[in-house]
Amino acid sequence: MLAACSPAEAGPEAAGSQSASSGADTTVVTQEAPRYHPVSTLQVIDVTIEGAAGTHVFNTELAVTPQEQARGLMFRTELGDDEAMLFPSYPPEQRSFWMKNTPLSLDIIFIGTDGRISNIAANTVPYSLESVPSKGIASAVFEVRAGLSEELGIKPGDLVTYKLPE
């Protein structure tokens, strides 16, 4: 299925972060307050990429529903160096994206079922209707501004980690 810098279907997974501290007779469990992007209003989570070039953490908009994934980064004119968008796949599947209505050039990073980057479509062409596919099954797709993957040394095989909210 094609997605304009967004994909097919989605659904919830994994748990949010919690911390516990114990007092004399009580245990207090707190949940980190959700963060939301001021433009998209999508929930923001941290996504970490670890590889030979180092560790990079991104404030990542989470596109979960089919509607959120279909919109993706369409119509957006800015994306900071520490910002990204994540499109989880439920279930993991072959993914294909396009740049319809997307004025930003992007690096589209496909994440395999092992949590490692399988391939990167670098410097995509704004507004293009050309299909940009994953190489194999993808558990998620991660988008950053064009050229950032090369600048940071992000490569296929690098490990991508994140926790999805409940």
Side-chain angles (χ1 to χ4, degrees), residues 1-16 37 40-53 55-76 79 81-166:
M1 173 173 222
L2 288 178
C5 268
S6 45
E9 298 186 24
E13 191 180 282
H37 191 273
S40 69
T41 69
L42 295 176
Q43 188 165 355
V44 174
I45 63 169
D46 289 336
V47 173
T48 302
I49 298 180
E50 298 175 72
T55 300
H56 309 284
V57 179
F58 297 88
N59 294 310
T60 305
E61 296 169 69
L62 186 57
V64 176
T65 69
Q67 296 80 11
E68 292 166 348
Q69 291 200 5
R71 183 169 177 88
L73 289 168
M74 283 183 172
F75 311 109
R76 294 279 288 278
L79 190 64
D81 287 352
D82 66 340
E83 295 180 317
M85 186 171 279
L86 183 73
F87 305 80
S89 297
Y90 308 104
E93 63 185 347
Q94 177 79 33
R95 298 303 296 265
S96 185
F97 281 61
W98 61 4
M99 296 293 292
K100 181 179 180 180
N101 297 321
T102 307
L104 294 171
S105 180
L106 300 169
D107 288 351
I108 301 175
I109 301 170
F110 296 94
I111 304 165
T113 57
D114 60 356
R116 297 197 175 270
I117 297 172
S118 57
N119 63 300
I120 301 172
N123 302 304
T124 57
V125 178
Y127 301 106
S128 174
L129 299 182
E130 183 179 330
S131 177
V132 179
S134 62
K135 290 183 179 174
I137 303 299
S139 63
V141 179
F142 187 70
E143 294 178 338
V144 296
R145 79 154 171 82
L148 192 59
S149 297
E150 183 176 356
E151 289 172 28
L152 297 177
I154 294 171
K155 305 249 186 249
D158 288 356
L159 182 64
V160 182
T161 56
Y162 54 88
K163 286 189 178 194
L164 297 176
E166 294 180 345

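Just the heavy atoms: all of them, side chains too, but no hydrogens, waters or symmetry mates, feed the values below.
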Practice problem: Kindly write out the residues that satisfy side-chain contact (heavy atoms from CB on, under 4.5 Å) with Asn59, not counting sequence neighbours, or none if the list is empty. | Solution: Arg35, Val44, Asp46, Asp82

Exercise. Give a yes or no answer on whether the side chain of Ser128 reaches the backbone of Pro126 with a donor-acceptor pair at less than 3.5 Å.
Key: no

Exercise. Output the distance between atom CZ (Phe87) and atom CZ (Phe142), rounded to the nearest 0.5 Å.
Key: 10.5 Å

Self-check item: Side-chain heavy-atom pair Leu62, Leu42 within 4.5 angstrom cut-off
Solution: no

Self-check item: Nearest-0.5 Å distance that lies between atom OG1 in Thr124 and atom CZ in Phe97
Solution: 11.0 Å

Exercise. Apply the test side chain to side chain contact (heavy atoms under 4.5 Å, CB included) to residues Asn123 and Asp107: give CA-CA distance (whole Å), side-chain angles for both, the deciding distance (0.1 Å), then the verdict.
Key: CA-CA 5 Å; Asn123 302 304; Asp107 288 351; 4.0 Å; yes

Quiz item: Within a radius of less than 6.0 Å around CD of Glu151, do more than 12 heavy atoms belonging to other residues, nucleotides or ligands occur?
Solution: yes

Practice problem: Could you check if a side-chain atom of Met85 sits within less than 4.5 angstrom of a side-chain atom of Leu106, using non-hydrogen atoms only? | Solution: no

Quiz prompt | Gap between atom CG of Leu73 and atom CD of Glu143 - 0.5 Å precision | solution = 5.0 Å

Quiz item: Can you tell me how far CD of Glu68 sits from OG1 of Thr41, rounded to the nearest 0.5 angstrom?
Solution: 8.0 Å

List the atom pairs, donor and acceptor, that lie under 3.5 Å between side-chain atoms in residues 153-161 and the rest of the protein, sequence neighbours left out.
{"from": "Asp158", "atom 1": "OD2", "to": "Lys155", "atom 2": "N", "distance (Å)": "2.9"}

Exercise. Determine, for Glu61 against Arg76, whether the closest basic-nitrogen to carboxylate-oxygen distance falls under 4.0 angstrom.
Key: yes

Quiz item: Do Leu164 and Leu86 have side chains that get closer than 4.5 Å, going by heavy atoms?
Solution: yes

Quiz item: Quick check: does any side chain N or O of Ser134 sit under 3.5 Å from a backbone N or O of Gly136, one acting as donor and the other as acceptor?
Solution: yes

Quiz item: Are any non-hydrogen side-chain atoms of Val125 and Glu130 less than 4.5 angstrom apart?
Solution: no

Quiz item: To the nearest 0.5 Å, how far apart are CD1 in Ile117 and NZ in Lys135?
Solution: 13.0 Å

Quiz prompt | Spacing of OG1 belonging to Thr60 relative to CD belonging to Gln43, to within rounding of 0.5 Å | solution = 11.5 Å

Quiz item: Are Arg145 and Asp81 close enough, and set up right, to give a side chain to side chain contact (heavy atoms under 4.5 Å, CB included), and what steps lead you there?
Solution: CA-CA 7 Å; Arg145 79 154 171 82; Asp81 287 352; 2.4 Å; yes

Quiz item: Looking only at atom types and distance, does a side-chain atom of Ser89 sit under 3.5 Å from a main-chain N or O of Ala138, one as donor and one as acceptor?
Solution: yes

